[in-house]
Amino acid sequence: IHLCSIILHILSRANMFKAANGLLNRIINAEPSSPSPTGVTVVDCLMDTSKECEPSPMVFDLLIDAYVQNGKVMPAADAFYRLKKRGLMPSLLCCNTLLKALLRANRIDMVVRVYESMLEAKIMPDVYTFSTVIHAFSKQGKLEEAKRVLSEMEARGCNPNVVTYNTLIHGYCKVGDLTEAIGLKEAICEKGLVPDVFTYSALVNGLCKVRRVTEAREIFVEMLEVGLMPNEVTYTTLIDGYMKGGEIEEAFKLKDEMVVRGIQPNVFTFNTLIRGICKVGKAQEANMLLTEMKGMGLRPDRMTYTNVIEGYCKEGNMVEAFRLLDEMAKRNIAPSVVTYSVIINWLCKAGDMERAHEVFKKMVERDLMPNSVVYTTLISGHCRKGNTEDAFKLFDEMVRRKIVPDAFTYDSLIHGLCKAGKIQDAKK
RNA sequence: AAUAUAAUAAGCCG
């Protein structure tokens, strides 16, 4: 490892990134997956050897980047801290990459820590950094904090750009604060910036999600008026809004409209349409959409199939549902836990607990880990039949498997017990 | 060499 470190220094100094990256990949994949906080890791070796070689700070970037590329986010963060402890820092760009990776891994706490470390180390964050941190807070619904970061960046002389605002807008939309979200669009203009497709799409989405489809449409129209071309995301968003509001006709009109405009519906678009049409019990039409998308050269994904399967389940046509499950296998599209849970759910609803359990077994055989949704589905199925005994068997099983029951699970059990007249038991 | 923003699926009761 000592030798490797020296080689790495030489390689990165010589700008031989490919070679360095290859070596790094081998090293980090040989490392134990959970770094002990006290043990010596590659970073330490690199830091030690950097005195012997000409110091090349790039090597640390390469290391952290390699960790990130290999999905090893925590070791990447660990390396970051070890560097910091010895007064070293990766480049700003690398810090941003790390932040993004941490955000993706949902380690918001770490995002904040790294961000604060950067400030401590007097690395001036750039607009990427701030936007990522804003995104992190938004993801947690902490919009106050997100907005504080916005002020912070302005105070530090870093100008927010459209992306920064879009990120915030998305955050406010997610918590349903459309007033604030729309206000931020105005703020974009006041700053002399120009709202873009992302801005509008985010707003359309936000309005649709709180069932304000008419206003969503108005924003959509405004977008056209200012000369911005909606894209397939914008269209799909609005289509979903109409679908969720039960306005099927309007949704399909939009699909035609986008085609006329030369915007190709994609898999998302079709999945949205299929789901909407299935909701009103038109599985056959959903199936036609499935054929249509195949004809366009679009590859249906597991969500497409899951939606059509659910459509048939709703109609009580389990034969067709299972046929589609077969078709998935033939087309090499792996069913997900959701796919199975849909089938299980409808079998439960039909009172066919036996087959529900068969499907459950099949799922487990396929190495799909049942989650709390699947368990709760089965539990409530048993409860509906007044079979609290099997319901609790499943409850025990899920606990044994370290699957955390949630409020839905307990609700189902309580309802089941009450229905069975076991009010005393329900109280525990 | 590597960095930030928007769209689609499942479970309880109603």
Side-chain angles (χ1 to χ4, degrees), chain A residues 12 15-18 20-21 58 61-62 64-66 68-69 90-101 103 126-136 138 161-171 173-174 196-206 208-209 231-241 243-244 266-276 278 301-310 313 336-346 348-349 371-381 383-384 406-416 418:
Chain A
S12 64
N15 285 347
M16 296 171 69
F17 301 120
K18 282 276 162 292
N21 195 270
M58 244 150 25
D61 281 24
L62 289 172
I64 290 182
D65 201 53
V68 168
Q69 277 171 20
S91 71
L92 174 58
L93 209 113
C94 179
C95 291
N96 290 343
T97 309
L98 176 61
L99 286 172
K100 161 94 187 284
L103 175 61
D126 64 4
V127 64
Y128 287 81
T129 320
F130 288 118
S131 299
T132 306
V133 176
I134 287 174
H135 191 178
S138 295
N161 61 18
V162 188
V163 174
T164 319
Y165 280 106
N166 289 345
T167 307
L168 250 185
I169 287 175
H170 179 232
C173 284
K174 260 198 356 199
D196 62 9
V197 186
F198 284 75
T199 319
Y200 281 98
S201 300
L203 285 171
V204 168
N205 186 39
C208 285
K209 290 283 137 60
N231 61 17
E232 65 279 8
V233 174
T234 326
Y235 269 105
T236 303
T237 307
L238 193 54
I239 287 174
D240 189 48
M243 278 301 192
K244 294 220 161 92
N266 61 18
V267 176
F268 280 66
T269 319
F270 274 99
N271 288 353
T272 304
L273 290 165
I274 287 174
R275 166 133 209 290
C278 283
D301 60 13
R302 59 185 78 186
M303 212 184 279
T304 319
Y305 276 97
T306 304
N307 285 336
V308 184
I309 286 174
E310 175 148 39
C313 286
S336 68
V337 175
V338 178
T339 315
Y340 281 103
S341 80
V342 163
I343 298 175
I344 291 171
N345 182 227
W346 287 91
C348 286
K349 282 201 160 107
N371 56 20
S372 69
V373 174
V374 178
Y375 271 107
T376 305
T377 305
L378 282 168
I379 286 173
S380 78
C383 286
R384 272 195 292 262
D406 57 20
F408 286 115
T409 318
Y410 287 109
D411 261 15
S412 305
L413 285 170
I414 291 169
H415 267 99
C418 291

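Every chain is numbered from 1 and lettered A, B, ... according to where its sequence line falls, protein lines coming before strand lines.
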Sugar-phosphate, base or nothing in reach of Lys174(A), heavy atoms under 4.0 Å:
nothing

Between A9(B) atom P and Phe270(A) atom CZ, what is the distance in whole Å?
17 Å

Would you indicate which nucleotide in G11(B), A6(B), U3(B) comes nearest to any side-chain atom of Ser380(A)?
G11(B)

Under 4.0 Å, heavy atoms only, any strand: does Thr376(A) hit a base, just the sugar-phosphate, or nothing?
base

Does Thr132(A) reach a base, just sugar-phosphate, or nothing at all? Heavy atoms under 4.0 Å.
sugar-phosphate

If you take atom types as modelled and just measure distance, does the side chain of Thr237(A) reach the base of A7(B) with a donor-acceptor pair under 3.5 Å?
no

Have a look at Thr167(A) and say if it touches a base, only the backbone sugar-phosphate, or nothing, with a 4.0 Å heavy-atom cut-off.
sugar-phosphate

Roughly, in whole Å, what's the span from CG in Leu168(A) to P in U5(B)?
13 Å

So, does Arg275(A) get its side chain near the phosphate of A10(B), meaning an N or O under 4.0 Å from OP1 or OP2?
yes

Select base, sugar-phosphate, or nothing to describe what Thr409(A) touches, counting heavy atoms under 4.0 Å on all strands.
base

Please determine, for the side chain of Glu310(A), which listed nucleotide (U5(B), A9(B), C13(B)) has the closest atom?
A9(B)

With centres under 5.5 Å and planes under 30°, do Phe268(A) and A7(B) count as stacked?
yes

Is there a donor-acceptor contact under 3.5 Å linking the side chains of Asn271(A) and Asn307(A)?
no

For Asn15(A), report the nucleic acid contact type (base, sugar-phosphate, nothing); a contact means any heavy atom under 4.0 Å.
nothing

Asn166(A) CG to U5(B) C1': how many Å, rounded?
5 Å

Rounded to the nearest angstrom, tell me the gap between atom CG in Asn96(A) and atom C1' in A1(B).
16 Å

So for Asn266(A) and A7(B), does any side-chain atom that can act as donor or acceptor lie under 3.5 Å from a complementary atom in the base?
yes

Is the shortest side-chain N/O distance from Lys100(A) to OP1 or OP2 of A4(B) below 4.0 Å?
yes

Just call it for Ser336(A): base, sugar-phosphate, or nothing, with non-hydrogen atoms closer than 4.0 Å on any strand.
base

Would you please name every residue forming a salt bridge (charged side-chain N to carboxylate O under 4.0 Å, His left out) with Lys244(A), sequence neighbours left out?
Asp240(A)

With distance as the sole criterion, is a donor-acceptor pair present between the side chains of Ser341(A) and Thr377(A) under 3.5 Å?
no

Give Thr269(A) one of three labels, base, sugar-phosphate or nothing, depending on what nucleic acid heavy atoms sit under 4.0 Å from its own.
nothing

Consider the side chain of Leu93(A), meaning its heavy atoms from C-beta on, and name the nucleotide among A2(B), A6(B), A10(B) that approaches it most closely.
A2(B)

With a 3.5 Å distance limit and no angle check, can you tell me whether His135(A) reaches the backbone of Ser131(A) through a side-chain donor-acceptor pair?
no

Looking at A6(B), I'd like to know if its phosphate oxygens (OP1 or OP2) sit under 4.0 Å from a side-chain N or O belonging to Lys209(A).
no

Between OH of Tyr410(A) and P of C13(B) the distance, given in whole Å, is 18 Å

Over all strands shown, is Ser131(A) touching base, sugar-phosphate only, or nothing at heavy-atom distances under 4.0 angstrom?
base

To the side chain of Arg384(A), which of A4(B), A1(B), C12(B) is closest?
C12(B)

Just call it for Leu62(A): base, sugar-phosphate, or nothing, with non-hydrogen atoms closer than 4.0 Å on any strand.
base

Within this structure, what is the CG-to-P distance between Asn161(A) and U3(B), rounded to whole angstrom?
16 Å

Categorize Thr377(A) for me: base, sugar-phosphate, or nothing, with a 4.0 angstrom heavy-atom threshold over every strand shown.
sugar-phosphate

In whole angstroms, the gap separating P of A9(B) from CH2 of Trp346(A) amounts to 16 Å

Among C12(B), A10(B), A7(B), which nucleotide has an atom closest to any side-chain atom of His415(A)?
C12(B)

Looking for any heavy atom pair under 4.0 Å, which part of the strands does Thr339(A) touch: base, sugar-phosphate only, or nothing?
nothing

Examine the base of A6(B) for any acceptor or donor lying under 3.5 Å from a partner atom in the side chain of Asn231(A), and report the outcome as yes or no.
yes

Say whether, by atom type as modelled, one donor and one acceptor occur between the side chain of Ser12(A) and the main chain of Asn15(A) under 3.5 angstrom.
no

Report yes if the side chains of Asn21(A) and Gln69(A) come closer than 4.5 Å at any heavy-atom pair, otherwise no.
yes

Would you say a side-chain N or O of Asn205(A) is under 4.0 Å from OP1 or OP2 of A7(B)?
yes

When you measure from the side chain of Thr272(A), which nucleotide among A1(B), C12(B), U8(B) comes out closest?
U8(B)

Quick one: do the Ser201(A) and Thr237(A) side chains pair a donor with an acceptor below 3.5 Å?
no

Just the rounded figure in Å: distance from P of G11(B) to OH of Tyr340(A).
18 Å

What's Met243(A) touching, base or sugar-phosphate or nothing? Going by heavy atoms closer than 4.0 Å.
nothing

Would you say Tyr128(A) stacks on U3(B), if stacking means ring centres under 5.5 Å apart and planes within less than 30 degrees?
yes

So what does Ser412(A) touch, heavy atoms closer than 4.0 Å: a base, only the sugar-phosphate, or nothing?
sugar-phosphate

Counting only side-chain nitrogens and oxygens, does His170(A) get under 4.0 Å of the OP1 or OP2 atom of A7(B)?
yes

Does the side chain of Lys349(A) get closer than 4.0 angstrom to OP1 or OP2 of A10(B) through an N or O atom?
no

May I ask you to check whether Lys209(A) and Asn205(A) show a side-chain donor-acceptor distance below 3.5 Å?
yes

Rounded distance [0.5 Å steps], OH in Tyr128(A) versus CG in Leu92(A)
10.5 Å

Is there a donor and acceptor pair, one atom on the side chain of Asp406(A) and one on the base of G11(B), closer than 3.5 Å?
yes

Classify the side chain of Asn371(A) versus the base of A10(B) as yes if they form a donor-acceptor pair under 3.5 Å and no if they do not.
yes

Please tell me which of the listed nucleotides, A4(B), A10(B), C12(B), lies nearest to the side chain of Val127(A)?
A4(B)

